[in-house]
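Reviewing the structure listed below.
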Amino acid sequence: MAGDPHTSDILVIGSGAAGLTAALNLAARFKVTVLAKGGLNEGSTAWAQGGIAAVLEPGDSFENHIEDTMIAGAGLNDRATVEMVVENAPAAIQRLAELGVPFNTDGNSLHLTREGGHSHRRIVHVDDATGWAVQEALLKAARANPNITLVPDMVVIDLATSRHEQRYSGAGNVWGVYAFNRATNRVELFTANATVLATGGAGRTYLFSTAPRGATGDGIAMAWRAGCRISNMEFMQFHPTCLYNLEVKNFLITEAVRGEGGHLKIPGTGYRFMPDFDSRLELAPRDVVARAIDHEIKRLGLDYVHLDISHMGADFVKQHFPTIHARLLDLDIDMTREPIPVVPAQHYTCGGVVVDRDGRTDLPNLYAAGEVSQSGLHGANRLASNSLLECFVFGGAVANHIAANWSDLAPPPPIRPWDESRVTDSDEEVVIKQNWTEIRRFMWNYVGIVRSTKRLERAAHRIQMLRGEVNDYYGHFRVTADLIELRNLLESADLIVRSALHRKESRGLHYTLDFPETLDVAVDTVLVP
């Protein structure tokens with residue numbers, strides 16, 4: 001392990017694909033500290049079942065992958081960013097293979113699967129648990145690197161900026177973070193010449209989400225409070241098929257089940273309903289499929305619909321989906337013989353902290369990569385399996401920019417320690433739990449797959465009321481992990497609702513009953529602090 005983690009050359013917040021890629025690329029020259037909120041492998045990367053999109057099939061081309069991404073993104077993508085990511089994809093896959101990721105092969109070449117929205121087979125995968133294999137390989141390499149210090153169980157509270165300098169300054173530089181140590185219940189200061197946000201998305205603002213428990217929009221909220229612009233937060237991707245099970249909250253049934261022949265049906269009648277909505281049937285883009293399922297559930301008063309692949313035969317199903325098959329058997333569902341009950345769930349945050357193609361934010365010394373950022377890659381809807389890809393390409397881009405401009409990055413000045421002289425221990429943890437549940441419920445009901453101005457205004461009203469409560473609580477009591485998350489959850493919910501109210505059209509993932517048409521010109525929603 002490297003020296004004192006509290007001061008390092010570079011501080012990375014988040015230990016998923018984006019954070020570890022940046023850290024590994026920088027560790028050849030610099031001392032890097034990586035903070036994880038919980039365990040080092042508890043982020044979204046480890047949960048990604050699908051795979052990584054790259055042009056590797058004969059007859060496919062970068063141009064095709066770029067077009068598929070632009071079409072899915074409903075014209076809101078930044079074309080230059082899409083080109084950069086797509087063209088760097090094969091090299092990213094190559095590096096992962098060199099790190100030991102055991103991608104499935106077909107003879108001498110990689111086995112490619114296809115997912116909704118893609119015009120070719122271009123998803124490289126490790127069975128149906130790609131993210132786990134990638135996370136393990138990256139972590140193994142990071143643990144083996146003497147220049148990388150991995151620090152788990154650190155819940156980051158806020159960025160330490162120029163205004164926290166002992167000699168106050170309004171320059172807006174970011175010098176690190178204040179983080180709550182779960183083990184000691186104390187707040188610690190970590191400083192560095194450059195800070196990289198790789199904190200993931202804000203999925204847990206919703207009642208049903210495939211995101212891990214820690215996806216509470218921390219990086220987005222912290223960057224906003226520090227002065228960064230936030231963009232396109234109204235574009236929340238809902239995965240059409242999350243297992244409906246009251247005990248198991250966020251088990252995802254991968255897109256590939258539909259890609260390999262699964263049918264969506266009405267429980268009881270077995271009626272296949274996708275032909276009523278789209279000529280691409282079950283392979284339509286996620287937003288179309290999610291809205292169709294949402295429509296049928298609301299129309300018929302159902303709790304879920306069925307996803308059925310049993311007609312493909314038991315051997316086929318077990319071979320293609322070993323992880324899902326085994327997990328469902330534990331829950332007394334045999335997907336080789338019966339349908340799977342599914343419901344849409346929040347899955348991916350397409351908006352986030354505004355970054356350029358080097359991963360730079362609006363604040364000096366602060367970078368962002370992965371789901372926390374809005375790079376222009378996804379536009380109004382993310383194309384399947386472009387998300388892990390974005391982590392590798394932007395993790396690399398951030399590292400390259402920091403290394404190339406190292407001489408311009410000053411060491412941090414003295415920063416004031418965290419002050420908790422005026423607070424006491426909380427006497428009402430129940431308040432946090434109640435507010436947390438309330439936010440997730442009204443976000444699901446009012447700011448979900450189908451929206452209206454009236455519903456959004458109701459949500460905005462609830463947020464205003466809760467803000468007073470949460471700020472009062474935060475001002476009087478010592479921070480806890482739950483309080484930090486609640487504060488960020490509320491900030492994220494506010495950013496989502498404000499962005500959704502601002503967009504007077506339906507585009508991509510943002511569908512509102514009051515403005516069902518798509519406007520001629522695609523414009524990003526940009527919130528300025």
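- Side-chain N or O atoms of Arg451 include none that pairs as donor or acceptor with a backbone N or O of Ala500 at under 3.5 Å.
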Chi angles and distances behind the side chain to side chain contact (heavy atoms under 4.5 Å, CB included) call for Thr191, Leu11: CA-CA 7 Å; Thr191 58; Leu11 180 64; over 6 Å; no

Can you give the donor-acceptor pairs under 3.5 Å from side chains of residues 34-42 to other protein atoms, not counting sequence neighbours?
unit_1, atom_1, unit_2, atom_2, d
Lys37, NZ, Gly214, O, 2.7
Lys37, NZ, Thr216, OG1, 2.9
Lys37, NZ, Asp218, OD2, 2.5
Lys37, NZ, Glu485, OE2, 2.7
Glu42, OE1, Gly39, N, 3.3
Glu42, OE2, Gly39, N, 3.4

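- No side-chain donor-acceptor contact under 3.5 Å links Asp9 to the backbone of Val32.
- Checked against the 6.0 Å centroid threshold, Phe238 and His347 do not count as a close aromatic pair.
- Partners of Glu234 according to the side chain to side chain donor-acceptor pair (under 3.5 Å) rule, which considers only residues two or more places apart in sequence or in another chain, are Arg503, Thr525.
- Side-chain N/O atoms of Thr113 and Glu260 include a donor and acceptor closer than 3.5 Å.
- Inspection of the His65 and Asn386 side chains reveals an N or O donor paired with an N or O acceptor under 3.5 Å.
- The backbone N or O of Asn173 sits nowhere less than 3.5 Å from a side-chain atom of Thr161 that would complete a donor-acceptor pair.
- Here the side chains of Met154 and Val177 are not in contact, with every heavy-atom distance at 4.5 Å or above.
- Residues passing the side chain to side chain donor-acceptor pair (under 3.5 Å) test with Ser375, sequence neighbours excluded: Glu390.
- Across every non-hydrogen atom of Leu138 and Ala17, the tightest pair is CD1-CA, 3.8 Å.
- In this structure, Thr45 contributes its side chain and Gln135 its backbone to no donor-acceptor pair below 3.5 Å.
- The side-chain contact (heavy atoms from CB on, under 4.5 Å) test applied to Asn25 returns Thr21, Ala399, not counting sequence neighbours.
- We find the CZ-CG distance between Phe394 and Asp358 to be 8.5 Å, quoted to the nearest 0.5 Å.
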Would Asp106 and Ser109 count as a side chain to side chain donor-acceptor pair (under 3.5 Å) if you check the C-alpha gap in whole Å, the side-chain angles of each, and the deciding distance to 0.1 Å? CA-CA 5 Å; Asp106 236 349; Ser109 58; 5.9 Å; no

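- Remark: side-chain polar atoms of Asp127 are not paired, donor with acceptor, to backbone N or O of Ala129 under 3.5 angstrom.
- In this view, Tyr348 and His378 satisfy the ring-ring contact (aromatic ring centres under 6.0 Å, His included) rule, not counting sequence neighbours.
- Here the side chains of Asn193 and Phe30 are not in contact, with every heavy-atom distance at 4.5 Å or above.
- Between Thr195 and Phe190 the shortest side-chain heavy-atom distance does not fall below 4.5 Å.
- Comment: Asp78 engages Arg357 in a salt bridge, judged by a side-chain N to carboxylate O separation of less than 4.0 angstrom.
- Distance CE/Met274 to OG/Ser279: 9.5 Å, rounded to 0.5 Å.
- Using modelled atom types, no side-chain atom of Asn104 and backbone atom of His111 make a donor-acceptor pair closer than 3.5 Å.
- When atom types are taken as modelled, the side chain of Ser209 and the backbone of Tyr206 share no donor-acceptor pair closer than 3.5 angstrom.
- The pair Glu67-Arg79 counts as a salt bridge, with a side-chain nitrogen and a carboxylate oxygen less than 4.0 angstrom apart.
- Ser61 contributes a side-chain N or O that, together with a main-chain N or O of Asn64, makes up a donor-acceptor pair within less than 3.5 Å.
- Under a 3.5 Å cut-off, the side chain of Arg229 and the backbone N or O of Val526 do not form any donor-acceptor pair.
- In this model, a donor atom of one side chain and an acceptor atom of the other lie less than 3.5 Å apart for Asn381 and Gln237.
- Taking the side chain as every heavy atom from C-beta outward, Trp47 and Thr210 never approach each other to under 4.5 Å.
- A donor and an acceptor atom, one from each side chain of His510 and Glu505, are nowhere located under 3.5 Å apart.
- The side-chain heavy atoms of Leu139 and Leu150, taken from C-beta on, include a pair separated by under 4.5 Å.
- A donor-acceptor contact shorter than 3.5 Å links the side chain of Asn405 to the backbone of His401.
- Residues forming a side chain to side chain donor-acceptor pair (under 3.5 Å) with Glu87 (at least two apart in sequence, or on another chain): none.
- Counting only N and O atoms by type, the side chains of Thr130 and His125 include no donor and acceptor under 3.5 Å apart.
- Partner of Tyr367 under the side chain to side chain contact (heavy atoms under 4.5 Å, CB included) criterion, out of Leu197, Ile402, Thr361: Ile402 alone.
- The CG atom of Leu527 lies 5.5 Å from the CZ atom of Arg498; values are rounded to the nearest 0.5 Å.
- Ion pairing between Arg291 and Asp278 fails under the 4.0 Å rule for side-chain N and carboxylate O.
- Among all heavy-atom pairs drawn from Ser385 and Gly51, the shortest one is OG-O, 3.3 Å.
- Taking every heavy atom of both residues into account, Glu115 and Ala384 meet most closely at OE1-CB, 3.0 Å.
- In the model, Asn77 has no side-chain atom that pairs as donor or acceptor with a side-chain atom of Thr69 under 3.5 Å.
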